[in-house]
Amino acid sequence: MPDAVPGAVADEVPRTAAAALRWATSRLGAAGVPSPRVDAEALLAHALGVDRAEARRLAVLDRALPDGAGDRFAADVARRAAREPLQHLTGVAPFRHLELAVGPGVFVPRPETEQVAQVAIDEAARVVARKGTAVVVDLCTGSGAIALAVATEVPGARVHAVELDAAAHGWASRNVAAATGDRPDAVVHLLRGDARTALRELDGTVDVVVSNPPYVPPGAVPRDPEVADHDPAVALYGLGDDGLEVPRGVTAAAARLLRPGGLYVMEHAEVQAAAARAMVAGTTVGTTGFGAVSTRDDLTGRPRMVVARRSDRAPERPSPHPDVRPAAGRTVTD
């Protein structure tokens, strides 16, 4: 326990649950934290070792905080006010039905990526219903969020997850062990390797390839300090003038891995929708490429993913109008 609470003097440290939430909400709001009350509740629950519902109940009853809990809570509030990610303070990040271990060195999964996972889950479920099993590959898996969502939500899916960065791979290993330890039906084969060249033994046999690769252009520094200062650069910046250099390699790997008719889904930035479609439509490996290329929206209605099927021939030419985004559900073909 720290001898002093950063940014607070001893008589400022809240001693009841209700006072703690009021104090923290005010302080986080003043610091520009987007969801001060929600974060205050999460930090209080973490300090008390309970869930958020219990933290709220204790606040309604205005129960006294146990010895040391107020100091721990105030210290975490000070760090959150300095814009350290909430997930780094609590050590966990929710993703769909999962609770993933996260911290420095790994990209914190975002709610918008849950829809990318949904597309992969829906396709894997369709393949399992038809064939009894499905092979899914998650490239640039980071914390393992998408891979674990597919594996735990689609019985019969056999998921391979690839991550090159050592720190992120460590977090993914921890999450895979925790999520599948008592779930023998949830299969994730985690590999540390280069997404562009990994899993050549699966070439032409994969049903679904999904990826949330680094894609931020080099000049587009994220606005939120939680992202700019704490998410690892290797998980953010996609290289090249357009930020799509890494996605190009991932897309070529997807074309190599997928069977004809297999589905590819990749997250990208909102401003990259047209460029991502053109990139995927123009990707060839040998004599094969992608067809039925479309852009789909995330849950907030923003164009955030490209979806395509691997064809048994190379596309003739890329879209002549890559700056025009199709309406939801409509495809751009070549």
Side-chain angles (χ1 to χ4, degrees), residues 1-114 143-145 148-149 152 167 170-171 174-175 177-179 181-183 223-231:
M1 182 188 307
D3 294 329
V5 178
V9 296
D11 59 1
E12 287 180 329
V13 177
R15 298 303 176 187
T16 70
L21 285 184
R22 288 194 300 270
W23 173 80
T25 301
S26 174
R27 183 163 185 186
L28 296 178
V33 172
S35 51
R37 175 72 181 196
V38 171
D39 286 21
E41 291 176 353
L43 292 174
L44 181 60
H46 178 62
L48 295 173
V50 300
D51 61 24
R52 280 180 55 191
E54 177 64 7
R56 287 193 295 265
R57 188 186 74 85
L58 294 173
V60 169
L61 298 174
D62 201 19
R63 293 289 175 82
L65 299 180
D67 288 346
D71 291 337
R72 292 193 299 272
F73 176 68
D76 281 346
V77 169
R79 292 169 65 187
R80 184 70 188 103
R83 307 303 293 272
E84 190 169 342
L86 174 68
Q87 298 87 347
H88 285 193
L89 301 175
T90 63
V92 295
F95 188 81
R96 296 179 68 88
H97 67 289
L98 299 165
E99 189 172 78
L100 302 170
V102 296
V106 71
F107 183 79
V108 175
R110 307 294 200 266
E112 52 265 36
T113 304
E114 294 186 5
S143 65
L148 284 168
T152 56
W171 287 105
R174 179 176 173 181
N175 287 320
D182 57 354
R183 287 282 308 273
R223 290 189 298 267
D224 295 335
E226 292 88 344
V227 179
D229 298 338
H230 295 280
D231 273 331

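The model shown is predicted, which means the values in this text are computed figures rather than measured ones. For the single chain, residues carry numbers from 1 onward in sequence order.
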Please test F107 against W171 for side-chain contact (heavy atoms from CB on, under 4.5 Å), starting from the C-alpha separation and ending with a verdict.
-> CA-CA 10 Å; F107 183 79; W171 287 105; over 6 Å; no

Nearest heavy-atom neighbours spanning A31 and A81 | CB-O, 3.4 Å

Closest non-hydrogen atom pair between A93 and Q87, with its separation | CB-CG, 3.8 Å

Heavy-atom closest contact (P34 atom, R83 atom, distance) = CD-NH2, 3.8 Å

Flag, side chain of T152 to backbone of L148, donor-acceptor distance under 3.5 Å = yes

Lys/Arg N to Asp/Glu carboxylate O, R37 vs E41, below 4.0 Å | yes

Atom CZ of R15 and atom CZ of F73: how far apart are they, to the nearest 0.5 Å?
-> 12.0 Å

R110 side-chain N/O to V108 backbone N/O, donor-acceptor pair under 3.5 Å | yes

Report the C-alpha separation of R52 and V38 in whole Å, then their side-chain angles, then the decisive distance to 0.1 Å, and conclude whether the side-chain contact (heavy atoms from CB on, under 4.5 Å) test is met.
-> CA-CA 9 Å; R52 280 180 55 191; V38 171; 3.6 Å; yes

For the side chain of N175 and the backbone of A101, is there at least one donor-acceptor N/O pair under 3.5 Å apart?
-> yes

Quick one: do E84 and L89 satisfy side-chain contact (heavy atoms from CB on, under 4.5 Å)? Show the steps, please.
-> CA-CA 8 Å; E84 190 169 342; L89 301 175; 3.7 Å; yes

Between A20 and L65, what is the shortest heavy-atom contact and its length?
-> CB-CD1, 4.1 Å

How many angstroms lie between atom CG of D67 and atom CZ of R72, to the nearest 0.5 angstrom?
-> 9.5 Å

Any sub-3.5 Å donor-acceptor pair from T25's side-chain atoms to L21's backbone N or O?
-> yes

Please assess L48 against L58 for the test side-chain contact (heavy atoms from CB on, under 4.5 Å), listing each intermediate value before the final yes or no.
-> CA-CA 10 Å; L48 295 173; L58 294 173; 3.8 Å; yes

Are the side chain of R96 and the backbone N or O of E114 linked by a donor-acceptor pair below 3.5 Å?
-> yes

Mind checking the CG-CG spacing from D39 to L28? Nearest 0.5 Å is all I need.
-> 6.5 Å

Which atom names give the shortest non-hydrogen contact between L100 and P109, and what distance separates them?
-> CD1-CG, 4.0 Å

Between V102 and S143, the two heavy atoms sitting closest are CG1-CB, 4.4 Å

Would a distance-only check, ignoring hydrogens and angles, find a side-chain to backbone donor-acceptor pair under 3.5 Å from R56 to V60?
-> no

Consider only side-chain N and O atoms of T16 and D62, and report whether a donor and an acceptor are under 3.5 Å apart.
-> yes

